[in-house]
Amino acid sequence: MAQPLIELRDLKKVYPVPGGEVVALGGVSLKIEKGEIYGIIGMSGAGKSTLIRCINRLDTPTDGQILIDGENILALRGKELIRMRRRVSMIFQQFNLLMQKTVARNVRYPLEIAGVPKAQANQRVMELLKIVGLEDKADAYPAQLSGGQKQRVAIARALASDPEVLLCDEATSALDPMTTQSILALLKDINERLGITVVVITHEMAVIRQICTRVAILDGGHIAEEGSVDEVFVHTRSAAGKRLFGILPENEDEDRPPVPALRIVFDGGMENQPVIADLVKQCDVEVNILSANIRRLNDKPYGQMLIEMPRDDAARRKIVEFLNAKGLTVKEVWPQ
Amino acid sequence: MNWNQIWEALAETLQMTLPSTLISYIIGLPLGVLLVITRRGGIRPMPTFNAVAGAIVNFLRSIPFIILLAMLFPVTRVVMGRAIGTVSVIFPLTVSAFPYVARMVEGSFNEVDNGIIEAAQSMGSSTFQIVRKVLIPEAMPSLINGFAICMTTILGYTAMASAAGGGGLGALAITRGLNLRQYDVMYAASIVLVILVQIITMLGSYFTRKFDHRIR
């Protein structure tokens, strides 16, 4: 296989705190191929922000290696570091636009600092604003824009230096669902049309599902699971992944039902069909749904459902057998 | 009361205030920048330099101007040619004001959102580019506001210049007004000073708002 564009080798980041230390990254290794959209997902505090900030050296890891095109970027200083940063752009949750400069000046900033002649830079700015659909806002100030528009300006600005990589640090987390959709579509479009490798960190599964080709689940500073998005969603192995995707309750003990119940796990191993209706008809039981959290991916259901179980042992066995035959994982849960 | 002496004194006040403010900024602005970028976690951390510069600034700021004025007499004589007079007093005024300006500027830069600076770093900016194209423009409204405050402070100091033979409205109010009991002169000089401070403050607020694009 060809050399990955970005490779992290045993990356560690430890913060000293009074009376000890906090391990933000406990030895993370992963490879990101050229042209893909790579997602890193985790709960808050999992270390995702630290991880992505190490890739362009906004944060310095305590130990380990980061290779971009085979070059160890942790050794870069001064002008070399600046050159690397122009190849690896970044967008942020809070947009971080220059508030005292117009949209056009914001987008022109990376060109100005790279010494691009003014006329050429201005022409490029208009092209970039066209890509993000904000040609008519060139002379507006960021304070006059909506959140989604601000992120579009930030994307145009990040593209100005013609980067190979675009790092997205919770880029849609401050946006409403509709705006999130349009920004994600824009990122996917940029990836496809311009061939830019995109690294996304997020705590939202929907973001990963919508645009990423591969995903790593980060949990407590370690990679719990990694692979293609389909694979990780369909065959989630790690507990961290199951919690993130809602297949496992976040806390088993707090989730105890008041009555004997059955947890049915939909992990994508089954075609879309009316399971509960079939259960009612074929087993002749009355099903009381206590809770359900199910999402669709590639037209297959993922998630879990909790149904009340009858007291009768034979009836219970019948239900479990029926659901097992359908390819579902079930687990009986008892009140405390 | 002779109004001409008021206008003459006003001219002398401006003659002391404006150059002192200007020179204080020529020294204080870069110093303020250095204080911000060299501190721990700044864009160019140099903790030792930062501690030393900070200590000097604090030392100079803690000496009352009237004392500093007297202490500096020998130095002023060397630098300005003579120790006393309206022009000579520019030197002690500047020495007293530039540390104040540096702290003021530092405060303005600290208001700039750290995320914006990180974004500039992530785009491959040099330290100088961040200062010139990000820190200063983003802090501009606050810098203008600080400029007006510094200028009125220096204006206030000029009143003490009479102790070093300097002229100006303050000196007039004390030597003529208080010492010779020409109270009308004292009040007139004071009122002109008040109006001057008002004008500076108003202009400061006006330009602060005009240069701030966050509110529209």
Side-chain angles (χ1 to χ4, degrees), chain A residues 49 52-53 55-60 76 78-103 105-115 139-145 150 153-154 157-163 165-169 174, chain B residues 29 32-33 36-47 105 107-147 204-216:
Chain A
S49 233
I52 202 165
R53 288 163 56 86
I55 298 178
N56 65 354
R57 290 271 306 273
L58 282 182
D59 240 327
T60 309
L76 301 181
K79 285 204 165 63
E80 293 168 337
L81 180 61
I82 284 174
R83 209 172 304 128
M84 179 279 285
R85 281 175 169 166
R86 287 177 186 168
R87 291 170 57 200
V88 181
S89 283
M90 191 172 199
I91 58 173
F92 304 84
Q93 180 174 3
Q94 295 304 330
F95 325 122
N96 294 345
L97 299 177
L98 299 164
M99 297 305 284
Q100 308 294 358
K101 294 209 163 110
T102 62
V103 165
R105 289 294 303 275
N106 263 283
V107 179
R108 209 175 76 187
Y109 178 86
L111 302 168
E112 279 176 30
I113 60 170
D139 296 322
Y141 284 93
Q144 298 165 302
L145 304 179
K150 283 181 196 163
V153 175
R157 183 173 71 171
L159 295 178
S161 59
D162 243 328
V165 181
L166 179 61
L167 306 175
C168 307
D169 186 358
Chain B
L29 185 72
V33 169
V36 170
I37 66 174
T38 61
R39 66 150 184 251
R40 222 176 283 276
I43 55 176
R44 206 72 185 274
M46 291 160 68
V105 166
S108 295
F109 287 154
N110 280 339
E111 288 170 28
V112 176
D113 183 355
N114 201 41
I116 296 178
I117 294 162
E118 283 198 333
Q121 283 180 308
S122 80
M123 287 183 270
S125 312
S126 66
T127 305
F128 181 70
Q129 283 166 336
I130 291 178
V131 171
R132 196 167 72 88
K133 287 175 173 285
V134 178
L135 265 182
I136 294 178
E138 289 297 303
M140 192 49 89
S142 176
L143 286 172
I144 293 171
N145 194 40
F147 184 83
S205 312
Y206 172 76
F207 284 109
T208 300
R209 257 179 290 123
K210 191 173 161 61
F211 278 86
D212 197 348
H213 299 293
R214 286 171 299 187
I215 32 175
R216 264 200 192 186

Among the options A:Thr102, A:Ile113, A:Ile82, pick out the one with the most heavy-atom pairs lying under 4.5 Å from chain B. A:Ile113

Please determine, among A:Val88, A:Leu58, A:Asn56, the option with the most heavy-atom pairs under 4.5 Å with chain B.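 Heavy-atom pairs under 4.5 Å are most numerous for A:Leu58.
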
Picking from B:Pro141, B:Gly115, B:Ser126, which has the most non-hydrogen pairs under 4.5 angstrom with chain A?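 Highest number of heavy-atom pairs under 4.5 Å: B:Gly115.
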
Under 4.5 Å from any heavy atom of chain A, what part of B:Thr127 do you find: side chain, backbone, both or neither?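 It is neither, since no heavy atom gets under 4.5 Å.
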
Any residue meeting side-chain contact (heavy atoms from CB on, under 4.5 Å) with B:Val112, in chain and number order, not counting sequence neighbours: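 Expected list: B:Ile117, B:Leu135, B:Glu138, B:Ala139.
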
Backbone N/O of A:Lys101 and side chain of A:Asn106: donor-acceptor pair under 3.5 Å: yes

Would you check if the side chain of A:Arg105 reaches a backbone N or O of A:Leu98 as a donor-acceptor pair within less than 3.5 Å? no

Side chains of [X] and [Y]: does their closest heavy-atom pair fall under 4.5 Å?
X        : Y        : result
B:Asp212 : A:Gln100 : yes
B:Glu118 : A:Asp169 : no
A:Val153 : A:Lys150 : no

Could you tell me which portion of [X] (side chain, backbone, both or neither) has an atom closer than 4.5 angstrom to a non-hydrogen atom of chain B?
X        : value
A:Tyr109 : side chain
A:Arg53  : side chain
A:Leu97  : backbone

